[in-house]
Amino acid sequence: MSNTHSDTVRFVRETMLTEQAPPITAAGPVGWARANLFDGWFNSALTIISLVLIYMVLAAILPWVISPTWNAGSLTECREILVAAGSVGEHGASGACWGVIRERWLQLLFGFYPSELYWRPILAFLLTGAALAPVLFSGASRKLFYVTAAIPFVMPWLLWGGTIWGPISIAVGFVIGFFANRYLSDVFGSLGGIIAGVALALIWWLFLSGSVADVLSGIIPIGIEPVASRDFGGFMLSITIGLVAIGLSLPLGIVLALGRQSDLLIVKAICVGFIEFIRGVPLITLLFVASTLLNIFLPPGTNFDIILRVLIMVTLFAAAYMAEVIRGGLAALPRGQYEGADSLGLDYWQSQRLIIMPQALKISIPGIVSTFIGVFKDTTLVSIIGLLDPLGLSNGIRADTNWNGIVWELYGFIALLFFVFCFSMSRYSMYLERKLKTTN
Amino acid sequence: MKNAIFFGALTIAGLAAGAAAAGTLDDVKARGKLNCGVSTGVAGFAQPDANGEWQGFDVAVCRAVAAAVLGDATAIEFVPTTGKTRFTALASGEIDMLARNTTWTFSRDVDLKFEFVGVNYYDGQGFLAPKELGVTSAKDLDGATICIQTGTTTELNLADYFRVNNIAYEPVPIETNAEALQQLGAGACDSYTTDASGLAASRATFENSADWVILPEIISKEPLGPLVRHGDSEWGDVVRWTLNALIAAEELGVTSANMADLASAPGDNPEINRMLGTEGTLGEMLGLDADWAQKAIGVAGNYGEIFEKNIGENTPIGLARGLNAQWTEGGLLYAPPFR
């Protein structure tokens, strides 16, 4: 009996086995299903119950949604088409009446905006998208920041129309304020420079800009056809209110949050008072103030644009919430960050800009985006004060005798559009979180 | 922050732009546009069509006034108002007149300081019920569940009516007309009560409208009419007599078809002559052109024509004239003489 290996073992493999495909039950769709759907009897049962539920919901909804009524001109016609197609339920014809969407979808999107001018809101929103790109995506060209700087003036001009000198003269105010701040802060110090800049800009806007714009538009009349605020409606109105409120509430909210943490007593008291007051009142109350109370307090004959009033109120409302979200981010920063900034010899604004805010905002992203989404959905409240946002318009459309009695189709269409906007905002926030890796 | 200042500046500019306190008539003429408050959508009375043009029975009153004052039935800014904002919009001057199926009541006229210039539709509260419920009268509704819009006068009328007749009911509060119809269709309530004009339009939306019945009882008086602010009687007169011109035109047989003939030269009927401005100076007394009534009637015809086009028996809403017939035909419409 030899003790060598080859004697004791009959067969030794000398080459590696070629790799085999994994068994069909462990890879591919089947493997995935086994791992995720049928992992044990309990999960299998849950999967089957869920599938049955999904099937039941779809079986109830899909036959209603898939309905050959796109070309119908009235609810009665829809019903005739449905009966002719044989889809009759226990309560008569069953199926959606999509004719109303075909006839009114432009109205639901643009309200009463003149149809030959639809390009203006579209262009305005596209430009806003371009303006937001460098803020939102790090990959975008830095040159787009010029668009970002111009958009606060270009967007209202495109939407409301009128002479081009109005927005230009408003913009000149910012230039005045900027240069006043830059050169006067050497004389009066940093705070004095800011105050002087704001004061000079205000003087320009309140007393000079209007007449200068009038004179200029008299000399060189460049302008586009003005559109009254009352013609705004539908999703255009929602997006306008949402964009302005979102765009303005973030900077306002940052200022308020900083003010609330300030050591200056009066600044702090004003900020706390403002935030707590606005947060203590429902948005709908503020909207009623905008639509009715202001009318009574302002002198008779005052023509203070209703959409402007609503914009201001929604912006203030969103800013108060935004301030609290950002304050949460500020509070979450370790004390050492503030002290580190101080020890580097940075002044207040520098430390905020370079050290504090980038970190605080990063922490606050989920809260900021959910505030944005909330504000955008809250814009539908304006239908209560008689502005024709999509929900307000749906009421008007139902008052048309052709479409009286249609409910689900309109609400479904509106819900779909809102979902698209809110879902993309939420996906963007997830992208941003992944990119910035908020792991502190 | 900077943009807030921008909007603030716009605000101040807006404040500075508006500064006038003359009479409403002069304001409207100076503005070249009538601000008319309408509802956000009531079938047959006010609704935007697919092109964004406002249509309806109440809207026609606005158009007639705009035509009488400005000579242009399209020189109107329609301000959609809800039940909650309509009175403040009028009181604050945001709108010049309100034509939004508003019931003329004591407290609105006296306490809220408005002036109802007339009635363009005599309505009343009724009941809609499915035929299979087997009721033929509202008094058979003992123990029924009834859908009712909250916070309206209809709610109070309903409570009064059932108390007077000593029968019980269970209210199902709902917010909008569309919600009521859904509830009614699903059988969540036995009956729905609101203004009878609304019931007819609602019944028309059911697929088998013959299966639904409007009960014969009308349990309240709802005179609906246009209104203006207290304290500006000149403007009130303009709106009142424009409405009266539409009503009188029907009584006198002036239609959109024969008006041009009647207005071309003074005819045999002196009242028609005075109304159309071919005789006398009625227009001048109102502060308007002599042909103000011609323009008002020229928009969509006389009261009867407007009624037939928007809510009459040939429309899906299908309202009979009933109380809204001329007094000569057993109705309540009675325009004072043009003299």
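Per chain, numbering begins at 1; letters A, B, ... match sequence-line order.
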Chain A contact via [X] - side chain, backbone, both or neither, heavy atoms under 4.5 Å:
{"X": "F45(B)", "result": "neither"}
{"X": "P316(B)", "result": "side chain"}
{"X": "A91(B)", "result": "neither"}

With a 3.5 Å distance limit and no angle check, can you tell me whether Q47(B) reaches the backbone of T401(A) through a side-chain donor-acceptor pair? no
Is there a donor-acceptor pair closer than 3.5 Å between any side-chain N or O of T82(B) and the backbone N or O of G386(A)? no
From F112(A) atom CZ to F78(B) atom CZ, the distance as rounded to the nearest 0.5 Å: 10.5 Å
Could you give the distance from CG (D49(B)) to CD (Q107(A)), rounded to the nearest 0.5 Å?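 Interatomic distance, D49(B) CG to Q107(A) CD, rounded to 0.5 Å: 7.5 Å.
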Of the backbone (N, CA, C, O) and the side chain (C-beta and beyond), which part of [X] lies under 4.5 Å from a heavy atom of chain B, both, or neither?
{"X": "F288(A)", "result": "side chain"}
{"X": "I254(A)", "result": "neither"}
{"X": "I385(A)", "result": "both"}
{"X": "W408(A)", "result": "side chain"}
{"X": "S383(A)", "result": "backbone"}
{"X": "A319(A)", "result": "neither"}
{"X": "S291(A)", "result": "both"}

Do you know which two heavy atoms are closest between [X] and [Y], and how far apart they sit?
{"X": "A178(B)", "Y": "V407(A)", "value": "CB-CG2, 4.2 Å"}
{"X": "G396(A)", "Y": "P48(B)", "value": "O-CD, 3.7 Å"}
{"X": "G41(B)", "Y": "A399(A)", "value": "C-CB, 3.4 Å"}

Do N395(A) and T40(B) have side-chain atoms, one donor and one acceptor, less than 3.5 Å apart?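 T40(B) and N395(A) do have a side-chain donor-acceptor pair below 3.5 Å.
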Looking at R309(A), R230(A), E103(A), which one has more heavy-atom pairs under 4.5 Å with chain B than the rest?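 Top count of heavy-atom pairs under 4.5 Å with chain B: R230(A).
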Between N51(B), V79(B), T81(B), which shows the greatest number of heavy-atom pairs under 4.5 Å with chain A? V79(B)
Let's test your reading of the structure: which of K84(B), Q182(B), Q55(B), E53(B) forms the most heavy-atom pairs below 4.5 Å with chain A? Q182(B)
P80(B) and L388(A), any side-chain heavy atoms less than 4.5 Å apart: yes
Looking at E179(B) and R398(A), is any side-chain nitrogen of the basic one under 4.0 Å from a carboxylate oxygen of the acidic one? no
Is the CD atom of E132(B) crowded by more than 12 outside heavy atoms at less than 6.0 Å? no
